[in-house]
A.B. asks: 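Could you have a look at this structure, given as structure tokens, before my questions?
Hydrogens, waters and symmetry mates are skipped; everything else that's a heavy atom, side chains included, is used. Residue numbers run from 1 in the order of the sequence given. Whatever order the structure lists them in is the order used to number ligands and atoms, beginning at 1.
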Amino acid sequence: MMNYVSAETLADAVRLQKETGYAFLAGGTDVYPALEHGWRPKGLLDISRLPELSGGIRAQGGWWVIPAMTTWAQVAQAQLPPQFDGLRAAAAEVGGRQIQNQGTVAGNICNASPAADGVTALIGLDARVVVAGAAGEHEVPLQEFVLGNRRTAARSGELVTSVKVPAASGPHGSSFSKHGSRRYLVISLVMTAAFIEADALGRVARCCIAVGACAPRSLRLVAAEARLTGMSLGQAAAFSLAGAELDVLTPIDDVRATAAFRRRMARELVERDIRSIALQLQSDRH
Ligand SMILES: Cc1cc2nc3c(=O)[nH]c(=O)nc-3n(C[C@H](O)[C@H](O)[C@H](O)COP(=O)(O)OP(=O)(O)OC[C@H]3O[C@@H](n4cnc5c(N)ncnc54)[C@H](O)[C@@H]3O)c2cc1C
């Protein structure tokens with residue numbers, strides 16, 4: 001039998017974790033399968049009732065704030081600007097409906113799977129993670145928070161309270177693409193996310209390109225982002241990646257796909273993401 005305790009407030013959760021050393025339990029869609037596969041934490045500390053971790057996605061001082069316990073179903077159904085089209089598409093691809101109703105944004109991040117769809121979509125929005133612990137609260141860029149397979153920068157007893165995305169002010173668009181061995185209900189072989197914000201002259205003012213399942217953690221293609229920034233939307237609509245811009249990726253051969261296939265798919269999906277966003281922004285201007 002597993003030890004279990006439930007927290008009612010954030011302060012409660014921080015204190016109980018320090019006292020017990022139990023693992024946090026949110027929606028449980030990663031925790032329970034891990035228990036089936038032999039993971040044996042000292043116990044489970046249920047954080048699903050903390051008011052500080054829920055309350056809906058909201059705009060706040062130049063940021064969009066996504067509380068930790070927001071489920072993928074809530075993300076998929078939320079009324080949000082086009083900046084979140086990619087994240088909402090990712091939400092609709094996290095397992096099936098039951099998983100989307102139960103699985104949370106912070107759970108996806110803290111589980112730190114290289115194939116976590118939500119992580120790639122959020123890194124593609126330049127998201128930051130808000131972390132709380134006994135020493136108080138601090139923020140970390142998501143791409144620095146996820147360190148590798150099942151490893152995050154959270155120190156002992158720290159939990160994620162929310163994720164923050166810088167709000168776009170100019171014309172913008174976003175995209176998420178997932179490739180698996182079948183269309184639905186599948187672990188990603190490769191997934192990509194992109195975001196472009198344009199200036200008044202129709203040039204790329206800000207952009208993010210993220211690739212998942214091609215390294216121990218999702219990565220941004222910073223060299224490609226630097227080259228794309230400043231391009232006209234017309235140029236971006238014909239964007240091609242240079243070979244070296246994918247060098248940061250270290251895909252592996254496994255039972256699902258070869259490294260060479262993953263690299264080719266990453267290129268294909270990123271180019272499609274960028275071109276489709278740029279084309280849409282260009283047509284919106286006319
Ligand atoms: C059948 C099935 C299909 C799936 N399909 C997909 C898929 O297509 N794509 C995908 O990306 N994922 C998929 N998943 C994985 C899973 O559903 C997601 O990763 C989900 O978002 C996890 O959220 P959760 O709330 O259930 O996390 P939990 O299982 O509760 O927790 C996961 C981990 O995060 C920690 N944790 C949770 N919340 C916090 C917090 N606020 N602060 C600190 N630590 C925390 C827990 O201690 C645990 O280590 C699937 C899972 C199943 C069972």
A.B. asks: Between K178 and ligand 1, which part of the residue brings a heavy atom under 4.0 Å of the ligand: side chain, backbone, both or neither?
C.D. replies: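 K178 to ligand 1: side-chain contact only, backbone stays beyond 4.0 Å.
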A.B. asks: Kindly compute the distance separating CG (L125) from CH2 (W64), expressed to the nearest 0.5 Å.
C.D. replies: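 These two atoms lie 12.0 Å from each other.
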A.B. asks: One residue to check: W72. Relative to ligand 1, which of side chain, backbone, both or neither has a non-hydrogen atom less than 4.0 Å away?
C.D. replies: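 Only the side chain of W72 comes within reach of ligand 1.
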A.B. asks: Give the C-alpha distance, both sets of side-chain angles, the deciding distance and a yes or no for side-chain contact (heavy atoms from CB on, under 4.5 Å) between I277 and Q280.
C.D. replies: CA-CA 5 Å; I277 299 169; Q280 184 61 51; 5.8 Å; no
A.B. asks: Go through the steps to decide whether E268 and R264 satisfy the test salt bridge (Lys or Arg N to Asp or Glu O under 4.0 Å), and finish with yes or no.
C.D. replies: CA-CA 6 Å; E268 179 68 32; R264 259 202 326 275; over 6 Å; no
A.B. asks: Can A154 be said to touch ligand 1, with heavy atoms closer than 4.0 Å?
C.D. replies: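 Per 4.0 Å heavy-atom rule, A154 does not contact ligand 1.
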A.B. asks: Under 4.0 Å, heavy atoms only, figure out whether ligand 1 is touched by the backbone of E93, its side chain, both or neither.
C.D. replies: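 The answer is the backbone.
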A.B. asks: Under 4.0 Å, heavy-atom basis, I'd like to know which part of V105 is in contact with ligand 1: side chain, backbone, both or neither.
C.D. replies: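 Neither; no heavy atom under 4.0 Å.
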A.B. asks: Identify the closest protein heavy atom to atom 23 (O) of ligand 1: which residue and atom is it, and at what distance?
C.D. replies: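 Of every protein heavy atom, T104 N, 3.1 Å lies nearest to atom 23 (O) of ligand 1.
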A.B. asks: Regarding atom 7 (C) of ligand 1: of the candidates A13, A91, G95, which has the closest heavy atom?
C.D. replies: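 When every heavy atom of A13, A91, G95 is considered, G95 comes closest to atom 7 (C) of ligand 1.
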A.B. asks: Which ligand 1 atoms are under 4.0 Å away from a heavy-atom of I47?
C.D. replies: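 Under 4.0 Å from I47, ligand 1 has these atoms: 38 (N), 39 (C), 40 (C), 41 (N).
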A.B. asks: Ignoring hydrogens and angles, state whether a donor on the side chain of N111 or R150 is under 3.5 Å from an acceptor on the partner side chain.
C.D. replies: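 Side chains of N111 and R150: pair found under 3.5 Å.
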A.B. asks: Would you check if P67 and R58 make a side-chain contact, meaning some heavy-atom pair closer than 4.5 Å?
C.D. replies: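 Counting from C-beta outward, P67 and R58 do come under 4.5 Å.
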A.B. asks: Evaluate C110 for polar contact with ligand 1, using N/O atom pairs at a separation under 3.5 Å.
C.D. replies: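 There is no such contact.
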A.B. asks: Out of L50, D117, T70, whose heavy atom is nearest to atom 11 (O) of ligand 1?
C.D. replies: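 When every heavy atom of L50, D117, T70 is considered, D117 comes closest to atom 11 (O) of ligand 1.
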A.B. asks: Please compare I99, N108, V31, V119 and report which has the shortest non-hydrogen distance to atom 1 (C) of ligand 1.
C.D. replies: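 Minimum heavy-atom distance to atom 1 (C) of ligand 1 goes to I99.
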A.B. asks: Give the residue and atom name of whichever protein heavy atom lies nearest to atom 47 (O) of ligand 1, and the separation in Å to one decimal.
C.D. replies: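 Protein heavy atom at minimum distance: F24 O, 2.5 Å.
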A.B. asks: Answer with side chain, backbone, both or neither: which part of D30 has a heavy atom less than 4.0 angstrom from an atom of ligand 1?
C.D. replies: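 Answer for D30: both.
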A.B. asks: Starting from atom 38 (N) of ligand 1, find the nearest protein heavy-atom neighbour and note its residue, name and distance.
C.D. replies: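 Looking only at protein heavy atoms, the one closest to atom 38 (N) of ligand 1 is A26 CB, 3.5 Å.
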